[in-house]
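Notes follow once the structure below has been shown.
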Amino acid sequence: QELPETVLLKFFRPENTPVPARPTPEQLSNLIKTSLHYPESFNHSFHQKSLCLVPVTLLLSNCSQAVVDVMIDLRHKPTSSEALEIHGSFTWLGQTQYKLQLKGQEVYSLQLKACFVHTGVYNLGTPRVFAKLVDQVTLLETSQQNSMPALIIINNI
């Protein structure tokens, strides 16, 4: 009895079909660039009003060409006691979480308010920003790299 001939199958694709490249974790953590805009120092009379409110603008820039889902979390507090001793604690007023979508290269400006009860030096660089490509199947957003500390001086007048 003769064995049937083995036939090799050949798979091919047209050369102009781009293979979608999976972004590296490093690329995913650099989708959104953030910067905080606020006064370097702020004068407030704590005797007249116990709460000092300072307007802060969080600028979000989509560094990619793709549409990106962004989540901002303001509830993060520094955990080390050293950070609290040096900078003290403050509170973000209003909404503590934001979800938005940025088109490729879009820049979005988010208006925030920081609330202080004492004079001192504070680090406003606490917002945590997470992002993911809209067409990505991942359930979790990638944490975006945080920039330098954003220090503000609150003075009593």
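All residue numbers in this chain count up from 1 along the given sequence.
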Legend entry - Partner set under side-chain contact (heavy atoms from CB on, under 4.5 Å) for Q48, not counting sequence neighbours: S45

Legend entry - Smallest separation among heavy atoms of C52 and F42, with atom names: SG-CD2, 3.6 Å

Inset, instruction - Please step through side chain to side chain contact (heavy atoms under 4.5 Å, CB included) for the pair T119 and N155, ending with a clear verdict. - result: CA-CA 5 Å; T119 60; N155 299 306; 5.7 Å; no

Legend entry - Euclidean distance, Q144 CD relative to L31 CG, rounded to 0.5 Å: 5.0 Å

Inset, instruction - Rounded to the nearest 0.5 Å, what's the gap from CG on L53 to OG1 on T91? Could you check? - result: 10.5 Å

Legend entry - Residue pair L133 / A66: nearest heavy atoms and the distance that separates them: CD2-CB, 3.7 Å

Legend entry - Nearest-0.5 Å distance that lies between atom CG in L112 and atom CG in L124: 9.5 Å

Legend entry - By side-chain contact (heavy atoms from CB on, under 4.5 Å) - contacts of L100 (at least two apart): L60, V70, I72, Y98, L102, Y108

Inset, instruction - With rounding to the nearest 0.5 Å, note down the distance linking CD1 in I157 to CZ in F46. - result: 10.0 Å

Inset, instruction - Compare every heavy atom of G125 with every heavy atom of A150, then report the nearest pair and how far apart it is. - result: CB-N, 3.8 Å

Legend entry - Derivation and outcome, side chain to side chain contact (heavy atoms under 4.5 Å, CB included), residues F90 and V54: CA-CA 11 Å; F90 73 97; V54 179; over 6 Å; no

Inset, instruction - Please check if the side chain of N123 supplies one atom and the backbone of L151 the other of a donor-acceptor pair under 3.5 Å. - result: no

Legend entry - Within-4.5 Å side-chain heavy-atom neighbours: L51 and V117: yes

Legend entry - Any donor-acceptor pair under 3.5 Å from Q97 side chain to M71 backbone: no

Inset, instruction - Would you tell me whether N62 and Q105 have side-chain atoms, one donor and one acceptor, within less than 3.5 Å of each other? - result: no

Inset, instruction - Could you tell me which non-hydrogen atom of Q101 sits nearest to which non-hydrogen atom of V134, and how far apart they are? - result: NE2-CG2, 3.5 Å

Inset, instruction - Using the test side-chain contact (heavy atoms from CB on, under 4.5 Å), find all partners of S109 that sit at least two apart in sequence or belong to another chain. - result: T57, L59, Q111

Inset, instruction - Sort out for me which residue in V56, L74, L58, T34 forms a side-chain contact (heavy atoms from CB on, under 4.5 Å) with L110. - result: L58

Legend entry - Separation of S64 OG from I32 CD1 (nearest 0.5 Å): 6.5 Å

Inset, instruction - Drop me the distance from I154's CD1 to F116's CZ, to the nearest 0.5 angstrom. - result: 4.0 Å

Legend entry - Residues, nucleotides or ligands: over 12 heavy atoms within 6.0 Å of H118 NE2: no

